[in-house]
Colleague: 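Please see the structure below; I have some questions.
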Amino acid sequence: MNNLENLGGGKGERVKTPKIPQIHWGSATELPYPDDFFDAVLTDPPYYDNVPYADLSDFFYVWLKRTVGDLYPDLFATPLTPKAQEMVADASKAGGMEEARRRFEEMLTKSFREIRRVLRPEGIAVIVFAHKTTAAWETIIKALLDAGLYMTASWPIHTEMEARLRAQESAALASSIYMVCRKRTTEEIGDFGEVQEEIRRKLAEKLPEFWRQGLQGADFFMSAIGPAVEAFGKYAKVVKLSGEEVSVRELLDFARRVTAEFAVQKILENGNLGAVDPETQFYLLWRWSYGQKSLEFDEARKLAQARGVDLEFLSRKGLVRTQRGITRLLSPQERERWPERPQTMIDALQLAAILWKRGEAKELDELLANTYGHLEAFWQVAQAVAETLPEGNEERRLLHGLLGHRKTLRLEGPDLFGGSER
């Protein structure tokens, strides 16, 4: 709507003054508007545990209070910003993360219910959110559904600076998800099997588009959440044949598995996915998604589950290392423990890279002949992992060296793993 009532200006015409927008200061859990009031509500809610907003505000608050505090005494009545009603998942202020999450979800649900209340029947709500963990997304999606809103469309938009300090060592996102929501007007119950197929169809439509747009890594996984929620969010609840209600976590885990399978297939350039074992798919997926960055243990565990792998088992094997709740994927030169005989493609690939580094050509050729050197998929994985890593990276150098060694490799005898590729 134009902010001028009359844009005239000719002789005799009166130009009316612009309409001044109204700004209200208050709580999102108690909006000062009647029911069915707005055509649209746009909001960018707190990002779970990512930003301590009130603490950051204190830096500016103390100076504003000194300069303009006397003009707005009601707004600067306290020594620092009030924090009792702050909607963040801050464990230090809530006596633990579980209580912080519960409080955040409760306040967020109240806010979303208020949005639903003030929306007109055909109105839309646009909610912007970004977080790298599925725990945060489980919380916001559950709050959305409990409030009686459902997603009709979603769009990933590149909003974050990749060079910012926050993104240097962590698996931070570069995109935010814009969720377009409407009021849910039915109490229809969804069948879990049918909803799973619906999620597959939605993702089959959207994932190729996200891939063409150049979304990568964590952003690609987070972008898949929107289409999945479009599929199941329209139902009041989703149930199994037993009558048991399906949780948001289960539905998002299913969407993550479908997305992971699509991503691995694409990374391998539509290679033979069946020839690549789950552990190797997990390694490839991590390198593509997060590079050399570390993950919180629970997020690493969910990534492993998406490919049917047990993270604790990988830790005992020495492929990953967890310290103080943070998990790292180990490169060949970092790994300290090896199986006596490689049982997976990634074990063989990492050991082959180390043998190449040491210049042990005979041992390297024997390893390749007796494991996966006959399989084209093995070399596809080596190439794909190398391409995920930056120039100058040691693992990338080792893999390129191994790929160069392939040109001189002469494998004879049967493929011990029963493959037909040579």
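A quick note: this is a predicted structure, and the numbers were derived from the prediction, not measured. Here, residue 1 is the first one in the sequence, and each next residue gets the next number.
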Colleague: Flag the pair Met151 / Ile141 as yes when at least one side-chain heavy-atom distance between them is below 4.5 Å, and no otherwise.
Modeller: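 Sidechains of Ile141 and Met151: in contact.
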
Colleague: How long is the straight-line distance from NZ of Lys357 back to CD of Glu394, given to the nearest 0.5 Å?
Modeller: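 Those atoms lie 5.0 Å apart.
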
Colleague: Looking at Gly373, is its backbone amide N or carbonyl O close enough to the side chain of Trp379 to form a donor-acceptor pair, meaning the two atoms are under 3.5 Å apart?
Modeller: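 Side chain of Trp379 to backbone of Gly373: a pair is present.
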
Colleague: Side-chain contact, heavy-atom cut-off 4.5 Å: Glu279 with Phe313?
Modeller: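 A side-chain contact exists here, since the closest heavy-atom pair is under 4.5 Å.
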
Colleague: If the test is side chain to side chain donor-acceptor pair (under 3.5 Å), which one of Arg307, Gln265, Glu261 qualifies with Gln281?
Modeller: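 With Gln281 as partner, Arg307, Gln265, Glu261 yield a single side chain to side chain donor-acceptor pair (under 3.5 Å), made by Arg307.
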
Colleague: I need the minimum non-hydrogen distance between Ser223 and Pro156, along with the two atoms involved.
Modeller: OG-CB, 3.2 Å

Colleague: Pairs under 3.5 angstrom only: tabulate donor-acceptor contacts from the side chains of residues 37-45 to other protein residues two or more places apart or in another chain.
Modeller:
from: Asp39; atom 1: OD1; to: Arg120; atom 2: NH1; distance (Å): 2.9
from: Asp39; atom 1: OD2; to: Arg120; atom 2: NH1; distance (Å): 3.3
from: Asp44; atom 1: OD1; to: Tyr47; atom 2: OH; distance (Å): 2.9

Colleague: What do the steps show when you test Glu197 against Arg200 for side chain to side chain contact (heavy atoms under 4.5 Å, CB included), and what is the final call?
Modeller: CA-CA 5 Å; Glu197 288 305 310; Arg200 283 190 182 277; 4.1 Å; yes

Colleague: Nearest 0.5 Å please: distance from the OG atom of Ser315 over to the CG atom of Asp310.
Modeller: 9.5 Å

Colleague: Measure from the side-chain N and O atoms of Arg257 to the backbone N and O of Ala306, and report whether any donor-acceptor pair falls under 3.5 Å.
Modeller: no

Colleague: As an exercise, state the distance from CD of Gln383 to CZ of Arg406, rounded to the nearest 0.5 Å.
Modeller: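 Reported to 0.5 Å precision, the distance equals 10.0 Å.
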
Colleague: Using atom types as modelled and distance alone, determine if a side-chain donor or acceptor of Glu299 lies under 3.5 Å from a backbone N or O of Glu296.
Modeller: no

Colleague: Quick one: side-chain hydrogen bond (donor to acceptor under 3.5 Å, both in side chains) partners of Lys202, sequence neighbours excluded?
Modeller: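 side-chain hydrogen bond (donor to acceptor under 3.5 Å, both in side chains) list for Lys202, sorted by chain: Glu230.
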
Colleague: Which atoms form the tightest heavy-atom contact between Leu367 and Ala348, and what is the distance?
Modeller: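 The answer is CD2-O, 3.8 Å.
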
Colleague: Does the side chain of Arg335 reach to within under 4.5 Å of the side chain of Lys317, using non-hydrogen atoms?
Modeller: yes

Colleague: Rounded to the nearest 0.5 Å, how far apart are CZ of Phe232 and CG of Leu251?
Modeller: 4.5 Å

Colleague: I'd like to know if the side chain of Ser27 pairs up with that of Glu30 as donor and acceptor (distance under 3.5 Å, no hydrogens or angles considered).
Modeller: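 No - no donor-acceptor pair under 3.5 Å links their side chains.
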
Colleague: Regarding Gln292 and Asn393, is there a side-chain donor-to-acceptor distance under 3.5 Å anywhere?
Modeller: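 On atom types as modelled, these side chains qualify, holding a pair under 3.5 Å.
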
Colleague: Side-chain contact test, heavy atoms from C-beta onward, threshold under 4.5 Å: evaluate it for Gln213 versus Phe210 and give yes or no.
Modeller: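 In contact.
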
Colleague: With side chain to side chain contact (heavy atoms under 4.5 Å, CB included) as the test, would you mind laying out the steps for Asp90 and Lys83 before giving the verdict?
Modeller: CA-CA 11 Å; Asp90 189 334; Lys83 299 177 176 64; over 6 Å; no

Colleague: Which class fits the ring pair Phe262 and Phe220: parallel under 30°, tilted 30 to 60°, perpendicular over 60°?
Modeller: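 Parallel, since the angle between the ring planes stays under 30°.
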
Colleague: Between Thr67 and Leu64 (side chain of the first, backbone of the second, donor and acceptor by atom type, cut-off under 3.5 Å), is there such a pair?
Modeller: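 Checked: pair present.
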
Colleague: Quick one: CD1 on Ile140 to CZ on Phe129, what's the gap to the nearest 0.5 Å?
Modeller: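 Reported to 0.5 Å precision, the distance equals 4.0 Å.
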
Colleague: Would you check if Asp36 and Pro121 make a side-chain contact, meaning some heavy-atom pair closer than 4.5 Å?
Modeller: yes

Colleague: Does Lys234 reach the main-chain N or O of Thr186 with its side chain, forming a donor-acceptor pair under 3.5 Å?
Modeller: no

Colleague: I need the minimum non-hydrogen distance between Thr327 and Ala300, along with the two atoms involved.
Modeller: CB-CB, 3.9 Å

Colleague: Decide whether a cation-pi geometry holds between Lys206 and Trp155; the criteria are a distance under 6.0 Å from NZ or CZ to the six-membered ring centre and an angle within 45° of the ring axis.
Modeller: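 Flagged: Lys206 positioned over aromatic ring of Trp155.
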
Colleague: Mark yes when over 12 heavy atoms from residues, nucleotides or ligands other than Glu209 sit less than 6.0 Å from its CD; otherwise mark no.
Modeller: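 Above 12, so yes.
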
Colleague: Mind checking the CD1-CG spacing from Ile124 to Leu119? Nearest 0.5 Å is all I need.
Modeller: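 Ile124 CD1 to Leu119 CG: 8.5 Å, rounded to 0.5 Å.
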
Colleague: Is the side chain of Asp277 donor-acceptor paired with the backbone N or O of Met345 at a distance under 3.5 Å, no angle test?
Modeller: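 Yes, Asp277 side chain to Met345 backbone: donor-acceptor pair under 3.5 Å.
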
Colleague: Check whether any side-chain heavy atom of Leu364 sits under 4.5 Å from a side-chain heavy atom of Leu402, and report yes or no.
Modeller: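 Contact flag for Leu364/Leu402 side chains = yes.
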
Colleague: Do the side chain of Arg103 and the main chain of Ala89 share a donor and acceptor less than 3.5 angstrom apart?
Modeller: no

Colleague: Less than 4.5 Å apart, any side-chain heavy atom of Pro332 and any of Trp356?
Modeller: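 No, side chains not in contact.
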
Colleague: List the atom of Trp137, the atom of Ile225, and the distance in Å for their closest heavy-atom pair.
Modeller: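 Closest approach of Trp137 to Ile225: CG-CD1, 3.3 Å.
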
Colleague: Determine whether a donor-acceptor pair (N or O, by modelled atom type, separation under 3.5 Å) exists between the side chain of Thr388 and the backbone of Gly291.
Modeller: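 Here the side-chain-to-backbone pair does not exist.
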
Colleague: Is it the case that the side chain of Thr29 and the backbone of Met107 share a donor-acceptor pair, with hydrogens and angles ignored and the cut-off at 3.5 Å?
Modeller: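 A pair under 3.5 Å: no.
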
Colleague: Do you know the tightest heavy-atom contact between Glu395 and Arg287?
Modeller: OE1-NH2, 3.0 Å

Colleague: Within the supplied structure, the quantity of interest is the number of heavy atoms (other residues, nucleotides, ligands) at a distance under 6.0 Å from Tyr33 OH; does it exceed 12?
Modeller: yes

Colleague: Evaluate Leu268 against Val264 for side chain to side chain contact (heavy atoms under 4.5 Å, CB included), listing each step before the verdict.
Modeller: CA-CA 6 Å; Leu268 292 175; Val264 172; 4.0 Å; yes

Colleague: Evaluate Glu99 against Arg102 for salt bridge (Lys or Arg N to Asp or Glu O under 4.0 Å), listing each step before the verdict.
Modeller: CA-CA 5 Å; Glu99 177 60 22; Arg102 185 202 63 75; 2.5 Å; yes

Colleague: Taking only Lys NZ, Arg NE, NH1 and NH2, and the carboxylate oxygens of Asp or Glu, determine whether Asp298 and Arg301 approach each other closer than 4.0 Å.
Modeller: yes

Colleague: Please walk me through it: do Phe254 and Leu203 pass side chain to side chain contact (heavy atoms under 4.5 Å, CB included)?
Modeller: CA-CA 11 Å; Phe254 175 76; Leu203 291 176; over 6 Å; no

Colleague: Taking atom types as modelled, is there a side-chain donor on Tyr53 or Thr81 under 3.5 Å from an acceptor on the other?
Modeller: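 No, Thr81 and Tyr53 have no side-chain donor paired with an acceptor closer than 3.5 Å.
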
Colleague: So with a 6.0 Å cut-off around NZ of Lys142, is the heavy-atom count from everything else above 12?
Modeller: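 Check fails, neighbour count at 12 or below.
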
Colleague: Taking the six-membered ring for Trp, are Tyr235 and Tyr150 closer than 6.0 Å centroid to centroid?
Modeller: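 Judged by ring-centre distance (under 6.0 Å), Tyr235 and Tyr150 do not meet the cut-off.
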
Colleague: Determine whether Arg328 and Glu334 satisfy the following criterion, salt bridge (Lys or Arg N to Asp or Glu O under 4.0 Å), listing intermediate values before the conclusion.
Modeller: CA-CA 10 Å; Arg328 291 187 62 243; Glu334 295 174 311; 2.7 Å; yes

Colleague: Closest heavy-atom contact between Pro208 and Ala204?
Modeller: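 Shortest heavy-atom contact: CD-O, 3.2 Å.
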
Colleague: Does atom NZ (Lys240) have a neighbourhood of more than 12 heavy atoms from anything else shown, all under 6.0 Å?
Modeller: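 It does: Lys240 NZ has more than 12 such atoms within range.
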
Colleague: Any donor-acceptor pair under 3.5 Å linking the side chain of Asn370 with the backbone of Glu366?
Modeller: yes

Colleague: How would you list, by chain and number, every residue that makes a side-chain hydrogen bond (donor to acceptor under 3.5 Å, both in side chains) with Glu114, sequence neighbours excluded?
Modeller: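 Once residues adjacent in sequence are excluded, the partners of Glu114 under the side-chain hydrogen bond (donor to acceptor under 3.5 Å, both in side chains) criterion are Arg117.
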
Colleague: Under 4.5 Å between any side-chain heavy atoms of Arg358 and Ile354, yes or no?
Modeller: yes

